[in-house]
Structure formats: structure tokens, C-alpha cells
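Order of appearance sets the numbers: ligands from 1, and atoms from 1 within every ligand. Here the structure is a predicted model, which means the values were calculated and not measured. Note that the numbering runs from 1 along the sequence shown for the chain.
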Amino acid sequence: MSDLKLNLIAGEWISGESEIENRNPSDLSDLVGTFAQASADQLDATLDQARVAQVEWAAYGLERKQAVLNAIGNEMMQRAEELGTLLSREEGKPLAEGKGEVFRAGQFFTYYAAECLRQLGENADSVRDGVEIDVRREPIGTVAIISPWNFPTATASWKIAPALCYGNAVVWKPANVTPASAVALAEIINRQDIPKGLFSLVMGSGGSIGQRLVESPKINAISFTGSVPVGKGIASAAIQNLTKVQMEMGSKNALAVMDDADLDLAVSLALGGAFGGSGQKCTASSRLIVHANIHDAFVEKLVAGTQAMKVGHALEAGIQMGPVVSQQQLSENLAYVDLGKTEGAELACGGARLDMPHDGFYMSPGVFLNTNNDMRINREEMFAPLTSVIKVGSYDEALATVNDTNFGLTSGIVTQSLARATHFRRNARTGVVTVNLPTAGTDYHVPFGGRGDSSYGPREQGKNAAEFYTTVKTAYISAGTPV
Ligand code: NDP
């Protein structure tokens with residue numbers, strides 16, 4: 001088949017043992033492409049080649065590595081319009097979000113290009129006379145990267161860029177729902193001055209090729225973003241080989257709206273945080289914890305704002321929310337709407353399948369009212385354009401409710417009180433906390449990750465990435481015979 005998109009195995013683009021079709025969730029008549037599914041033998045072959053290539057790459061000079069990362073990042077930023085269009089077409093997020101994601105992904109590469117030159121070690125005198133100590137970081141080896149579909153380019157980039165920066169080989173298994181963005185990024189990386197087979201793309205389902213990858217003794221580390229059950233399975237596989245693992249897995253983020261909040265700001269933060277990317281973000285504001293004194297005014301504006309949101313084809317100008325990614329996700333979302341009603345929540349608006357000019361996975365953004373924090377809709381990650389309002393009587397109750405979750409990725413407070421903001425910032429049990437800002441949307445030069453079921457292993461991004469993508473060596477040096 002002429003337009004079949006191939007896997008990158010041991011430095012060669014090759015077809016697989018089978019193929020899948022990828023369709024546009026905004027318009028199912030639009031075939032995005034046909035994608036090869038890698039075989040187990042191909043995976044093994046590329047892992048062998050990665051081991052050889054990694055040694056060669058680690059020996060490249062720092063400026064040579066830096067030039068590679070800069071070239072990747074700059075090309076992505078320059079092609080953000082084109083690649084963002086492809087991303088939105090296959091994932092369903094509005095075009096502005098797709099373009100923004102590709103640009104941001106490029107910034108991860110240019111940030112880590114600069115980090116190539118900032119790899120400083122430590123030194124010390126030994127407790128033994130005449131002996132010096134040199135502590136430095138070395139590459140960990142071959143890194144398996146398993147990425148999700150909701151940020152198909154950015155999530156992969158914030159893993160691939162530091163992996164390469166610190167001298168590792170990469171074997172990447174992207175989500176099978178968003179393979180086109182993966183192929184586009186792999187083409188850019190493979191065109192650079194890198195050893196043959198340093199970077200591999202192995203497309204295929206998580207349950208088959210993904211599982212085989214994480215079970216392989218030929219990998220030295222696994223970086224995963226996705227769901228909690230899959231993450232737990234990957235951790236079990238990793239421990240069999242004592243493979244280093246880092247995982248980021250969803251959340252149930254809360255935005256606390258206090259009675260002294262700027263009401264319009266609070267509503268706009270809630271709308272953006274709840275429905276950006278159709279709510280398919282690990283940082284989405286899925287619990288809105290609202291002080292009783294401002295509750296009614298907030299809810300009135302929130303529901304009006306939700307009903308006014310323009311849902312449509314991801315590439316159509318002026319839309320604020322696209323479809324959800326797949327039939328499976330849509331079915332699960334609608335099941336959560338039914339569950340919420342069964343649990344006694346009031347569905348104030350939305351939460352329904354939408355008939356649109358194009359056949360796609362459309363639903364209206366939904367708001368639940370009169371909910372409590374024990375309901376399953378407030379405890380399980382829905383990954384849907386659905387949010388719940390929980391009314392509370394005080395700041396203390398709000399904070400306790402924010403922290404009453406198994407997850408702990410992000411949380412936010414909307415308040416004009418410095419005292420409350422400071423107390424919240426120091427006592428919210430999440431890896432990321434925001435004040436008068438959305439719970440979603442983070443920078444690339446600082447750590448990202450959570451607590452509880454949200455994350456496992458070292459933080460991602462910023463300088464913290466070195467903790468995962470390197471291993472520390474402590475050298476003792478004696479000059480030999482004393483002078
Ligand atoms: P999964 O956890 O199933 O998938 C994430 C990645 O892991 C994909 O690349 C997937 O491959 C891969 N994978 C799946 N099973 C295995 C396995 N046994 N071994 C190795 N890799 C595997 O998430 P889903 O995409 O199915 O989404 C389900 C739910 O997960 C969402 O509704 C949401 O709640 C949560 N999620 C959270 C994300 C986050 O950002 N924290 C991101 C995505 C999902 P493939 O998809 O090709 O099968």
C-alpha cells in the first residue's frame with residue numbers, strides 16, 4: 001500500500017506484521033492514514049541496534065548533541081501550523097491547541113539542547129588523605145517511552161528530548177490512536193546527525209508490542225504516561241528486570257473558588273480548565289470546589305458559559321471544543337453521565353451526544369451540580385468534558401476536599417487573599433499548585449508530576465529530568481605515589 005506509514009526499526013523505515021487505519025474523530029469519513037504495526041522480532045532487532053547506537057551517541061561531543069536537539073526543536077516550531085493541523089485532525093483538539101502543542105513540543109527540544117551544556121557534576125575531597133572524588137551523571141542506556149494520545153506530540157517530546165540530551169537511545173511506542181503525529185516527529189528526529197538506530201518508532205497496540213517492550217531485559221528505563229491500571233501493570237513488568245520506571249497517570253484535579261474570588265476570572269479558569277482539550281487532560285479541572293457565599297452566582301455564569309461553548313470540527317475556525325478522541329472514550333463519558341445522575345448529581349447542562357454535519361465523536365460539555373466528594377464522578381478520572389461543582393462552607397472545608405482524593409497532580413485556588421493563597425500553596429497535597437490560574441497548563445523548564453496515584457518515580461521536565469535519564473557515578477582518584 002503506497003501511503004502506508006512505516007515503523008523506524010534499527011534505523012530503517014519498514015512495514016510491519018499488520019496495519020491499522022486511523023480516522024479523524026471530527027469526521028470519520030476522513031482517513032488520516034494507514035500505519036504499520038511492528039512485530040515482536042522487529043522490536044527485538046531495534047532494541048539490539050539501540051544498544052550499539054547509544055554508545056556511539058554518548059561519545060558525541062556536547063555541541064554535536066546540542067545541534068541535533070536544536071535542529072529538531074526549531075523544525076517543529078517552524079512547522080507548528082502544518083504539524084498542529086495534522087495533530088488536531090487525528091486527535092480532535094481545536095487547531096489553536098494543536099498548533100500550540102507542537103510549538104511547545106519544539107521548545108522542549110531547544111530547552112534540552114541548552115541543557116546539554118549544563119551537565120555539571122560535583123567534586124569533593126575524600127575522607128582519605130590524598131584522594132579526590134568526582135561525582136557525575138552518565139546515560140542510563142536504552143529508554144522505552146510509552147506515550148498517550150491526549151498530548152501525542154508534547155508528552156512524547158518532554159520524554160524524548162531529555163532522554164537524548166543525557167546520552168540515551170530511545171525506543172518509542174506511541175498511542176495507536178494518534179500514530180500520524182508520532183510518524184511526523186520520528187521523521188524529523190531520524191533526519192538528524194544521529195547514529196543509526198539511536199531512535200526507534202514501534203507502533204502497535206499497548207497490550208501486544210507495548211507489553212513486550214516493557215518486559216524486555218534489553219531496556220534500562222521506562223517512561224510512561226497513561227492510565228493507572230496500565231501503569232501498575234508496567235511497574236510489575238519493570239520490577240521483574242529491575243528496570244527503572246517513571247510514570248504519570250491521571251488525576252482528579254480540583255479548583256477551589258473562594259468567596260473573595262474575582263467571579264469572572266474564576267468562571268473563565270473553570271471553563272478553560274474543565275473543557276480545554278475536551279477535558280482529556282491529566283491536569284483538567286474536574287472538581288470545582290466552590291464556597292457557599294459565591295456558589296449561586298458562580299454556577300449561573302458557569303452554566304451559561306458552558307452552554308455558550310461552540311463545539312465543532314477541530315479544524316473549523318472559531319470552535320472552542322472538538323470531539324472526544326474515540327468511540328470508546330465517548331461511550332465511557334456517556335456512561336459517567338448516567339452514573340452521575342444515578343448517584344444523585346444534577347446535570348445542569350450538556351453531557352449529551354451531539355449530531356453534527358460530520359459524523360464524529362461529539363458531545364456537549366457538561367456540568368454536574370449538587371455533588372459531593374464521595375461520588376464516583378468525583379473520585380475517578382473521567383477524561384471527559386464533564387465537571388462537578390462541590391459546595392463547601394469554608395476555606396478549611398475546601399482545602400480538605402481538594403486533598404480528599406487518591407490522586408494528586410494539580411490543584412488551584414481562586415482568591416484575592418494572600419493569606420489563603422499562601423496557606424493553600426503550602427498545604428495542597430499535589431505536585432503542582434496554582435493561584436488564580438488554571439489547573440491545566442505548565443511550563444517546560446520546571447518539574448512536572450504529582451503525588452498519590454498520579455505519579456510514580458522521579459519528576460519529569462526541567463533539570464529534574466536528569467534524575468531519571470541518568471545514573472550517578474562516583475569516582476575516587478588518587479595521584480598515586482605522594483609527591
Ligand atoms: P492507556 O493507559 O491504556 O494507554 C497509554 C499508553 O500505554 C498508550 O500508548 C497505550 O498503547 C499504552 N499501553 C496500553 N497497555 C499497555 C501495556 N500493557 N504495556 C505497555 N503499554 C501499554 O490509556 P488509554 O489511552 O486507554 O486511556 C484510558 C484512560 O487513561 C483515559 O480515559 C484516562 O483516564 C487515562 N489517561 C491518562 C492520561 C494522562 O495524561 N495521565 C493520558 C491518557 C489516558 P495503545 O493506546 O496503543 O494501546
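Side-chain contact check for Gln307 versus Cys349: some heavy-atom pair is nearer than 4.5 Å. Side-chain contact between Leu399 and Asn427 is present, with at least one heavy-atom pair separated by less than 4.5 Å. For the pair Glu12 and Lys196, the minimum side-chain heavy-atom distance is below 4.5 Å. Side-chain contact between Val170 and Leu164 is present, with heavy atoms from C-beta onward closer than 4.5 Å. You'll find the side chain of Asn22 reaches within 4.5 Å of the side chain of Pro179, heavy atoms only.
Closest to atom 18 (N) of ligand 1, if we only count protein heavy atoms, is Gln211 OE1, 2.8 Å. For atom 29 (C) of ligand 1, the closest non-hydrogen atom on the protein side is Ser227 CB, 3.9 Å. The single protein non-hydrogen atom nearest to atom 8 (C) of ligand 1 is Ser147 O, 3.5 Å, given as residue, atom name and distance. In this structure, atom 39 (C) of ligand 1 lies nearest to the protein heavy atom Cys282 CB, 3.6 Å. Taking atom 48 (O) of ligand 1 as the reference point, the nearest protein heavy-atom neighbour is Gly206 N, 2.9 Å. Counting only heavy atoms of the protein, atom 35 (C) of ligand 1 lies nearest to Glu381 OE1, 3.4 Å. From the protein, the heavy atom lying nearest to atom 10 (C) of ligand 1 is Lys173 NZ, 4.0 Å. Scanning the protein heavy atoms around atom 20 (C) of ligand 1, the nearest turns out to be Gly210 C, 3.3 Å.
Geometrically, ligand 1 and Ser205 share no nitrogen or oxygen pair separated by less than 3.5 Å. Considering backbone and side-chain atoms together, Thr225 places no N or O closer than 3.5 Å to any N or O of ligand 1. Annotation: Pro148 places no N or O atom under 3.5 Å from an N or O atom of ligand 1; distance criterion only. Taking any N or O of Gly250, backbone or side chain, at least one lies under 3.5 Å from an N or O belonging to ligand 1.
Counting protein heavy atoms under 4.0 angstrom from atom 26 (O) of ligand 1 gives zero. Proximity of atom 41 (N) of ligand 1 to the protein is indicated by at least one non-hydrogen atom lying closer than 4.0 angstrom.
Ion pairing between Asp30 and Arg23 fails under the 4.0 Å rule for side-chain N and carboxylate O. Taking the charged nitrogens against the carboxylate oxygens, Lys93 and Glu101 do have a contact shorter than 4.0 Å, which makes a salt bridge.
Of all the atoms in ligand 1, the ones that sit under 4.0 Å from a non-hydrogen atom of Phe224 are 2 (O), 5 (C), 6 (C), 7 (O). Against a heavy-atom cut-off of under 4.0 Å, Gly204 is close to the following atoms of ligand 1: 47 (O). Taking a cut-off of under 4.0 Å to the non-hydrogen atoms of Met249, the atoms of ligand 1 that pass are 41 (N).
Neither the backbone nor the side chain of Lys281 has any atom closer than 4.0 Å to an atom of ligand 1 (non-hydrogen atoms only). At a heavy-atom distance under 4.0 Å, only side-chain atoms of Asn150, from C-beta outward, approach ligand 1.
Heavy-atom proximity to atom 46 (O) of ligand 1, evaluated over Val325, Val324, Ile209, Asn176, is greatest for Asn176. If you check each of Gln329, Lys252, Gln328, Gln280 against atom 32 (O) of ligand 1, the one with the closest non-hydrogen atom is Gln329. Counting only non-hydrogen atoms, the option in Val230, Thr155, Leu409 that gets closest to atom 3 (O) of ligand 1 is Val230. The closest non-hydrogen atom to atom 38 (C) of ligand 1, taken over Trp149, Phe407, Phe383, comes from Phe383.
The ring pair (Phe, Tyr, Trp, His ring centres under 6.0 Å) with Trp158 is formed by just one residue from the set Phe448, Phe109, Tyr111, Tyr112; it is Phe448. Exactly one of Lys159, Lys244, Glu248 qualifies for a side-chain hydrogen bond (donor to acceptor under 3.5 Å, both in side chains) with Ser223. That residue is Lys159.
Ligand 1 lies out of reach of Phe151, whose nearest heavy atom is not under 4.0 Å from it. Distances from ligand 1 to the non-hydrogen atoms of Gly231 include no value under 4.0 Å. Residue Ile146 places a heavy atom under 4.0 Å from ligand 1.
Scanning for side-chain contact (heavy atoms from CB on, under 4.5 Å) contacts around Asn176 gives Ile20, Gln37, Met203, Ser205, with sequence neighbours left out. Scored by the side-chain contact (heavy atoms from CB on, under 4.5 Å) test, Ala274 finds Thr387 as partners (sequence neighbours excluded).
Between the side chains of Asn253 and Ser285, not a single donor N or O lies within less than 3.5 Å of an accepting N or O. Looking at Asn373 and Arg287, their side chains do bring a donor and an acceptor atom within 3.5 Å of each other.
Around atom CD of Glu187, more than 12 heavy atoms belonging to other residues, nucleotides or ligands sit under 6.0 Å away.
Residue Leu288 holds its CG atom at 6.0 Å from CG of Leu255, rounded to the nearest 0.5 Å.
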